[in-house]
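Only this structure's heavy atoms are used, side chains among them; waters, hydrogens and symmetry mates stay out. Chain A is the first sequence line, chain B the second, and so forth, proteins listed ahead of strands; every chain is numbered from 1.
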Protein chains: 2
Amino acid sequence: MCSFGSPSKKSEVMAKKVTIYDIAREAGVGIGTISRVLNDHPSVTPETRKKVIDVAKRLNYQPHTYAQRLARRQSETISAVIPFFTNYFFIEVLRGVQDKISELGYDLVLYGVERPDQVEGYAARALQRGKVDGILFFSMKVPDKVLARLKETNLPIGLVDAVSPEFDSISVANAEGAYAATTHLIELGHRSVGMINAQSVSAPALERLQGYRRALERHGMPFTDELVKIGKNSRQDGFNRDAGYEAMMEFVKLGSEMPKAFFASSDIQAMGAISALTESGFRVPEDVALVGFDDIELARHMRLTTMRQPMFQMGVLAIERLVARMSNPDMEILHTTFSPTLIVRESCGALTRNQN
Amino acid sequence: MCSFGSPSKKSEVMAKKVTIYDIAREAGVGIGTISRVLNDHPSVTPETRKKVIDVAKRLNYQPHTYAQRLARRQSETISAVIPFFTNYFFIEVLRGVQDKISELGYDLVLYGVERPDQVEGYAARALQRGKVDGILFFSMKVPDKVLARLKETNLPIGLVDAVSPEFDSISVANAEGAYAATTHLIELGHRSVGMINAQSVSAPALERLQGYRRALERHGMPFTDELVKIGKNSRQDGFNRDAGYEAMMEFVKLGSEMPKAFFASSDIQAMGAISALTESGFRVPEDVALVGFDDIELARHMRLTTMRQPMFQMGVLAIERLVARMSNPDMEILHTTFSPTLIVRESCGALTRNQN
DNA sequence: GCGATTTACGGAAGGGTTTCCATCATTTTC
DNA sequence: GAAAATGATGGAAACCCTTCCGTAAATCGC
């Protein structure tokens, strides 16, 4: 409020605001020329160019980001709305996203969703006119209401780990993956395979359930609701360790009725399940076989058999796709589905275990 | 703050660019008044206010973010430079950061560092004039050269999980924590305690080493270089699972000389160490005791005794501090150090194990 | 050698806000 | 009832850039 003289005059230079007008004056040229030089426009003579660049350097010129964005009618920014609670999966995808974004010289604005009801607010914020050139929604069911508004704005939108007919999407063949995982267990000879699922508000959870169910049926094994447990008191969508623990504890209560093989809809749930099993005196894989989904870093560590998703790649592709749409809004809507691959480790009991 | 999104009536107004001039014309008032209404300036009569708000809603007005930022000389943006390779720790802190940032209505621009040499480039980008109101650097040793430039710009800067005399910082008493962890093992009767450390480019690694060493010496146990191993072929700073694995394998090679208790400088390294031990036929904690550092979610799952850092809180505080400095640049530089707390679980062997 | 192109350049206009200052209408004060 | 204070308002100026248009000089074609 009261900033008269600068307290320390030693640095007369200070980070004063140098504009193109200063450069123009100093270099004896017009502002248009400055802009042309700075933006590599061809019609500037080499001498002028050099002169301008020298002055700009001497004055330590920095363009004002927001003035540029305003004038260019471009934000050079992409925002990502991600659910923080899906931790391990999203962070890998995010790495890919960030990698590509910074390679392109864009900025990444992050909106981390802790509770589903925040989605709408974040979407509104990202939608402020001119704010971003595109938005990516991660792993979440975007409310129809929001979806409709997004559609209206005509802003490039991408869905990652989610699908909607109206927008580009990058996803994983969840049903297919679940089918493969379950089939793997069946082929190992298990005649009863349970599933640890997440809340059905999550689209991937639903799809994985379908794949699981189909695998059972194709192999002549009856599906019943009792074969699927979902952790109740769990945060959010249920893709977390506690939910896995709870679900497995439900199974344990069944006593001798308990299946001896399980497909968990995420690795992190499988981790919880392993805890529950260990605490209940079951060994994995000797007593109980388990297959997860995701192949997070930890899965390797825990020797968990799982379905691998190419997370980093998905992130990279999501950005590439989004950028493509920015430069060509009329591009046909594209849905890319990656097929997860079965990574066989020890938790399923398929390997002879000769290391310990 | 104020965006008037009418839930899609088939409004005559497509996502056309509506400006305050349009509102002014339509409402029969001047643009100054529009701005005052939208920014809750007191001197507007209730009738005028209502009239303006009605028109704004009807036209589905959205302020242009960058025009506002340009005129306000304020970016309402904070950027965070984070090392992606410190995964589990940073993500928790980031949650706190993001939580607070969005509560304040700011935007978070994320720069994820995969290789140390990227820091400089990202810093330069964040430093573009007007681009951000403040920057947070996470868990990294910022090169002196960059530090000097940051200082020059006078932009509010905060360090998280790192310390430098010239900037505010939020950190953890690493030496103290390492001391406590090591002492815990010593008090459990171990006469030889090894340490699994990260690369010494990392300040926390160095400090934890110091605490470890002091604990040994205070308890009359000689410190030798052989007691500390660092994974070699590891990504980045060595705070990762593979590095922990490698380091422990080095210890295993020692045969009967191998210590039977270890302090690992991070939980994730402890995970790797456990793998190495298991593969080599050692049980934890029966044969070998282990204490980690961080208390990532996984630690609970693995029943790892560890030093807990209040990660989420640290993130929240980092933003609060940064924002405080923005509004008062002459504020005295503040360093906050959290003391980690020992969380005793099973891996150290202190608990009777009656659950399985 | 002279009109027709081409090229380099200056600077106004535009991008969409906020803020400040002047103006005018109301109230208040004595 | 006049002077002064107060309050609401309009709009120019500022924020800092890019882009477009017009001009002047240089180059070309024949």
Could you check whether [X] gets within reach of a base, just the sugar-phosphate, or nothing at all, counting any heavy atom under 4.0 Å?
X       : value
A:Thr45 : sugar-phosphate
B:Ser35 : base
B:Tyr66 : nothing

Residue-phosphate contact under 4.0 Å: [X] side-chain N/O, [N] OP1/OP2:
X       : N      : result
B:Thr48 : D:dA8  : no
A:Tyr21 : D:dT18 : no
B:Arg69 : D:dC15 : no
A:Gln68 : D:dT18 : yes

Handout entry: Given DNA chain D, 5'-ward residue of the pair B:Arg73 and B:Gly28, judged by closest heavy atom
Key =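 Upstream on the strand: B:Gly28.
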Practice task
Specify the residue among A:Ala67 and A:Gly32 whose closest nucleotide of DNA chain D lies further upstream toward the 5′ end.
Solution key: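 That would be A:Ala67.
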Take atom [atom1] of [X] and atom [atom2] of [N], then tell me their distance rounded to the nearest Å.
X        : N      : atom1 : atom2 : value
A:Asn39  : D:dC16 : CG    : P     : 17 Å
A:Arg25  : C:dG10 : CZ    : P     : 15 Å
A:Leu70  : D:dC15 : CG    : C1'   : 9 Å
A:Leu59  : D:dC16 : CG    : P     : 15 Å
A:His41  : D:dC21 : NE2   : P     : 13 Å
B:Lys131 : D:dC15 : NZ    : C1'   : 18 Å
B:Lys51  : D:dT9  : NZ    : C1'   : 11 Å
B:Ile31  : D:dG10 : CD1   : C1'   : 8 Å

Problem - B:Glu120 with B:Arg149: basic N within carboxylate O range, under 4.0 Å - result: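 Salt bridge between B:Glu120 and B:Arg149, a charged N being under 4.0 Å from a carboxylate O: no.
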Problem - Test: B:Lys50 and B:Glu47 ion pair at under 4.0 Å - result: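 Not counted as a salt bridge, because no side-chain N and carboxylate O are separated by less than 4.0 Å.
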Practice task
Could you tell me whether the side chain of B:Asp22 and the main chain of B:Thr19 form a donor-acceptor pair under 3.5 Å?
Solution key: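 Yes; judged by distance alone, with no hydrogens or angles, the pair exists.
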Exercise for the section: State whether the side chain of A:Thr77 and the backbone N or O of A:Ser75 hold a donor-acceptor pair below 3.5 Å, judged by distance alone. Expected result: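 Pair found, side chain donor or acceptor close to backbone of A:Ser75.
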Exercise for the section: Confirm from the modelled atom types if B:Arg36 and D:dG10 form a donor-acceptor pair under 3.5 Å, side chain to base only. Expected result: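 Flag set: donor-acceptor pair detected.
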Please pick, from [options], the nucleotide with the shortest atom-to-atom distance to any side-chain atom of [X].
X       : options                : result
B:Thr19 : D:dC17, C:dT17, C:dT18 : C:dT17
A:Thr33 : D:dT9, C:dT17, C:dG10  : C:dG10
B:Val44 : D:dT18, C:dT17, D:dT9  : D:dT9

Exercise for the section: Tell me yes or no: between the side chains of A:Thr65 and B:Arg129, is some donor less than 3.5 Å from an acceptor? Expected result: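 Absent: no donor and acceptor within the cut-off.
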Handout entry: Heavy-atom pair of closest approach, residues A:Ile157 and A:Leu159
Key =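 Closest approach of A:Ile157 to A:Leu159, heavy atoms only: CG2-CD1, 4.1 Å.
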